[in-house]
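Encoded as structure tokens, the structure appears first; notes follow it.
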Amino acid sequence: MAVKIKLKRLGKIRSPHYRIVVADSRTRRDGRAIEEIGLYHPVQNPSRIEVDSDRAQYWLGVGAQPTEPVLAILKLTGDWQKFKGEPAPAPLLVAEPKATRPSFDALGGDEGKGEAITQKKKAEKKDEAPAASSSSESTEA
């Protein structure tokens, strides 16, 4: 039986999170797993990666093959280098939180609040039409 270390997808449509699992290579992506050895949450800022290093080393040692995404995760955590006997990578850098955009109220202050930007059309045309008809009536009389 060929064993793979792969990602099992969980979560809603646009908010995925994964479990790193050891499963038979013939099972479907979200199917039955032999063991769960970690977590991967890519949507969080910074993304959350947790791997049980001892279990990952055991499964790599008995011949489990990681898929490409899991191999990248194992390289980030240093478990792949430990398995291959290479020097450990630099520690993971934590991303700085993104600065929030300032709100509209903080930018403009109180200037121009409550007023429309474009000027309203004046109702003079209605006033001029009756005035013109009344002037023509006065000339006829």
Side-chain angles (χ1 to χ4, degrees), residues 1-140:
M1 171 172 91
V3 178
K4 290 248 182 204
I5 303 175
K6 55 186 178 179
L7 295 176
K8 179 179 184 178
R9 189 182 195 280
L10 301 167
K12 296 180 184 178
I13 291 176
R14 287 181 181 77
S15 63
H17 56 276
Y18 301 92
R19 290 188 182 154
I20 302 170
V21 298
V22 178
D24 183 3
S25 62
R26 297 170 289 184
T27 60
R28 58 182 189 257
R29 177 189 70 179
D30 300 335
R32 189 168 155 188
I34 298 170
E35 183 180 356
E36 294 178 4
I37 61 171
L39 300 172
Y40 174 51
H41 294 266
V43 178
Q44 291 181 356
N45 187 18
S47 59
R48 180 177 164 199
I49 299 173
E50 293 179 15
V51 178
D52 185 359
S53 184
D54 295 335
R55 297 308 296 165
Q57 294 301 317
Y58 168 77
W59 284 107
L60 290 171
V62 296
Q65 296 296 313
T67 59
E68 288 184 24
V70 173
L71 181 62
I73 291 171
L74 292 176
K75 285 182 179 178
L76 284 175
T77 59
D79 292 319
W80 185 253
Q81 288 86 344
K82 186 190 283 187
F83 172 69
K84 289 292 186 179
E86 298 172 357
L92 292 176
L93 299 176
V94 177
E96 295 178 12
K98 293 183 179 179
T100 58
R101 300 171 95 189
S103 67
F104 181 75
D105 295 334
L107 291 177
D110 292 337
E111 301 170 8
K113 275 195 172 178
E115 295 180 20
I117 296 172
T118 57
Q119 295 182 0
K120 296 179 181 177
K121 293 184 179 180
K122 296 181 181 177
E124 292 179 16
K125 294 180 182 177
K126 291 181 181 177
D127 295 338
E128 290 176 9
S133 63
S134 63
S135 62
S136 62
E137 290 175 4
S138 61
T139 55
E140 292 176 10

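In this text the structure is predicted, and so the values were computed from the model without any measurement. Just so you know, residue 1 is the first one in the sequence shown, and it goes up from there. Just so you know, these numbers use all the heavy atoms, side chains as well, and skip hydrogens, waters and symmetry mates.
Between A33 and A23, the shortest heavy-atom distance links the atoms CA-CB, 4.1 Å. Here the shortest heavy-atom pairing between A64 and I5 reads CB-CG1, 3.9 Å.
Under the 4.5 Å side-chain criterion, counting only non-hydrogen atoms from C-beta, R9 is in contact with R29. L71 has its side chain within reach of W80: a pair of non-hydrogen atoms, C-beta onward, lies under 4.5 Å apart. You'll find the side chain of P66 reaches within 4.5 Å of the side chain of L60, heavy atoms only. L76 has its side chain within reach of I49: a pair of non-hydrogen atoms, C-beta onward, lies under 4.5 Å apart. With a 4.5 Å cut-off on side-chain heavy atoms, D24 and V3 do not count as touching. In this structure the side chain of K4 never reaches within 4.5 angstrom of the side chain of V22, judged on heavy atoms.
Note that CD1 of I20 and CG of D79 are 9.0 Å apart. Values are rounded to the nearest 0.5 Å. Taking CG of D52 as the start and CD of E50 as the end, the distance is 10.0 Å to the nearest 0.5 Å. Atom-to-atom distance recorded for I34:CD1 and T27:OG1 is 8.0 Å, nearest 0.5 angstrom. Once rounded to the nearest 0.5 Å, the distance linking CD of Q65 with NZ of K6 reads 13.5 Å. To the nearest 0.5 angstrom, Q57 atom CD is 5.5 Å from K82 atom NZ. A distance of 9.5 Å separates CD1 of I73 from OH of Y18, quoted to the nearest 0.5 Å.
With sequence neighbours excluded, no residue forms a side chain to side chain donor-acceptor pair (under 3.5 Å) with Q44. By the side chain to side chain contact (heavy atoms under 4.5 Å, CB included) test, R14 is found to be paired with no residue, residues two or more places apart in sequence or in another chain being considered. For L10, the side chain to side chain contact (heavy atoms under 4.5 Å, CB included) partners are H17, R19, not counting sequence neighbours.
A donor-acceptor pair shorter than 3.5 Å can be found between the side chains of W59 and E35.
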